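In what follows, chains are A, B, ... by sequence order, proteins preceding strands, each numbered from 1. All values below come from the heavy atoms of this structure, side chains included, with hydrogens, waters and symmetry mates left out. The shown structure was predicted, so the numbers you read here are calculated from the model rather than taken from an experiment.
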Amino acid sequence: MKNLKVAEIFAAMADMLAIQGESYHRIMAYRRAAENVAVLGRPLEEVWRAGELEAIPGIGKTLAAKIDELMRTGRLEAYEKLQAQVPAGVLALLEVPDGGPKRAALFWKELGITGVEALEQAAREGRLRALAGMGAKSEEKVLAGIDALKRRTGRTLLGVAWPLAHVMLDALCEVPGVVQATAAGSLRRMRETVGDMDLLVAAEDPEAARKVMARFRELDQVGEVLLSGPTKTSIRTVDGLQVDLRVLEPARWGTALQYFTGSQAHNIRLRALALERGFSLSEYALKREDGTELLCATEEEVYAALGLPSIPPELREDRGEIEAALEDRLPDLLQMVDLKGDLQFHTTWSDGRQTLLEMAQAAQARGLAYALVTDHSQGLGVARGLTVADLRRQRAEIEDVNRKMDGTFRLLAGTEVEVRADGALDFPDHVLAELDLVVAAVHSGLRQGREQVTARMLAAIRNPHVDVIAHPTGRLIGEREGADMDMEAIFRAAAETGTALEINAYPKRLDLRDAHVRRAIELGVKLAINSDAHDVSGFVVLPLGVATARRGWATAADVVNTCSVEKVLAWAAGRR
DNA sequence: GCCGTTTTCGGCCCGACTGTTTTCAGTCG
């Protein structure tokens, strides 16, 4: 049984227990277990076989036994019992914004409502307002929530949310009295998608704060204002994305930024740690036991007061970063400035929109020293893949461009060679040997079945001419799952042969993903962070790839294209 | 249900906003 399936079951059990009014902490235990199983980065089944389930944070004897039952029988008695007690339609009520377990239970027990449609009808007929704690306004909120649910588009790509956040922040910065403004939340942690956006503004006085709120409510992107108070305003954009803005005084910036960056799990751990140190930590201050406050204007001060070095936002998921900080063994994370080159982009030779020269100049403008030309190979007809003859003619043009760049930038000759359905590469080895570096990719037959796809990947990894495997799983966020492959076997083979696995920075890919990056690094795999640019603006996504690497705890030493062009060429040559 | 160089039992983060309430419950993050 897959990790995600187990996580889904535990999360559903948490919801059902919540509807039954179970203890909050028991519910949280199920949620935490679900989250940790989902992001494990290696197959739960393997951990189970090794008898190491209880080493997973949040998994104790009881939940380990439940996982064991699922692995052995494919079923879980406790889950089935809950399903028999709580109708699936009642669980669906939790999806409605502002609908929680208490209200869901109320609607179900009092009115027999077991689905969103029945809830909508009851609200329209005015039957909800008679219930205890409900009124006409609550009834309207239910209808508004259902409406929002119907229009909901799901999570938003980081690559979409990030530029939007900066447009909004720039506008808010223009308001007089604004001292600082930044993104917080999952956006600042650089998660691959965000459910909503958190923005934070420091204003020098209450009058400035009021003006910030007013300006925010009037931004072009605002579709509706959900709520607005003196410190918090929530809006929904015309595209359906919720954006929360908090305004605060500069002296409390550190605690606020720390708090609103999250994650929730990280904050819960940090607050527990604060209590051990004699503080109560909130978004406003560290409060001592005698009630006096320690204000923090920077995040560094917050962590320092708790005896910790600053923890980079990308690590704040309660996946061991607090323990690592306590033991002073946080990784020295890779930074954007460490990236010296890009090992995948396309030109008009295949499916790109700009020439070799234009792309080289654009890459140089982004601060890179070199880039590997990786137009598609002949087998990928839809992308106008190159024949062997094309490849050789392209080489001449590459050398021409290098002369024009006059030593300030270097184009390298490469290919994104197809891994065919039978596992063979689309160019013979002697052709690959002519190139500076070779990137191999699977674009078709991703649904062949686990054994076959894994075998193709392993064959490509073991070819000594292949230096990098592009977008290894082939996933497209929100569109299609990655191929079903034995990632452990792939990581072990890549570690053994020294073949680098790509973190493709294209917003819909971010493949490898963060959890895979972390596991790959643990096993000694080298990575490459590539833009996969198809036009001159395509290089702007590289920071997303770096962020994904950081979320996987990567250092510069884990990434081959942090090396100089000479070292990258030597690395590739040494592998053949 | 998890977890422990203060605990194997008794804790488990803290506050804003809203609507229903005259002091609080529910939801959210």
P gap between B:dT20 and B:dA25, integer Å: 16 Å

Ionic contact status for A:Glu323 with A:Arg269, cut-off 4.0 Å: yes

In the structure I gave you, are the side-chain heavy atoms of A:Asp486 and A:Arg450 within less than 4.5 Å of one another anywhere? yes

All N/O pairs under 3.5 Å across the protein-nucleotides 11-18 of chain B interface:
| residue | atom | partner | partner atom | Å |
| --- | --- | --- | --- | --- |
| B:dC13 | O2 | A:Arg271 | NE | 3.4 |
| B:dC13 | O2 | A:Arg271 | NH1 | 2.6 |
| B:dC13 | N4 | A:Gln264 | NE2 | 3.1 |
| B:dC14 | OP1 | A:Ser280 | OG | 3.2 |
| B:dC14 | O4' | A:Arg271 | NH1 | 2.3 |
| B:dA16 | OP1 | A:Tyr284 | OH | 3.1 |
| B:dA16 | O3' | A:Thr231 | OG1 | 3.2 |
| B:dC17 | OP1 | A:Thr231 | N | 3.2 |
| B:dC17 | OP1 | A:Thr231 | OG1 | 3.0 |
| B:dC17 | OP1 | A:Lys232 | N | 3.2 |
| B:dT18 | OP1 | A:Ser228 | N | 3.3 |

Looking only at atom C1', what distance separates B:dG29 and B:dC13, rounded to whole Å? 12 Å

Would you indicate whether the side-chain heavy atoms of A:Val201 and A:Arg246 approach each other to under 4.5 Å? no

Does A:Arg252 offer a backbone N or O that forms a donor-acceptor pair with the side chain of A:Thr255 under 3.5 Å? yes

Check A:Arg188 with A:Glu314, please: is the shortest side-chain N to carboxylate O separation under 4.0 Å? no

Hey, is A:Arg475 close enough to A:Glu481 for a salt bridge, meaning N to O under 4.0 Å? no

I need the CD-C1' distance between A:Glu139 and B:dG26, as an integer number of Å. 17 Å

B:dT20 phosphate, OP1 or OP2, under 4.0 Å from A:Ser138 side-chain N/O: yes

Can you tell me whether the base of B:dT22 sits syn or anti, using the 90° cut around 0 to define syn? anti

Under-4.0 Å salt bridge between A:Glu317 and A:Arg518: no

Quick one: are A:Leu294 and A:Arg288 in side-chain contact, heavy atoms under 4.5 Å? yes

What's A:Ala64 touching, base or sugar-phosphate or nothing? Going by heavy atoms closer than 4.0 Å. nothing

Could you check whether A:Gly185 gets within reach of a base, just the sugar-phosphate, or nothing at all, counting any heavy atom under 4.0 Å? nothing

Which one is paired to B:dT8, where only Watson-Crick or G-U wobble pairs with both distances under 3.5 angstrom count? none

For each nucleotide in nucleotides 5-10 of chain B, reading 5' to 3', give B when a protein heavy atom comes within less than 4.0 Å of its base, S when such contact involves only the sugar-phosphate, and - otherwise. ------

Give the ring-plane orientation class for A:Tyr303 versus A:His266, where under 30° counts as parallel, over 60° as perpendicular and anything between as tilted. tilted

Determine the contact category for A:Leu270: base if any of its heavy atoms lies under 4.0 Å from a base atom, sugar-phosphate if only primed atoms, P, OP1 or OP2 are that close, otherwise nothing. nothing

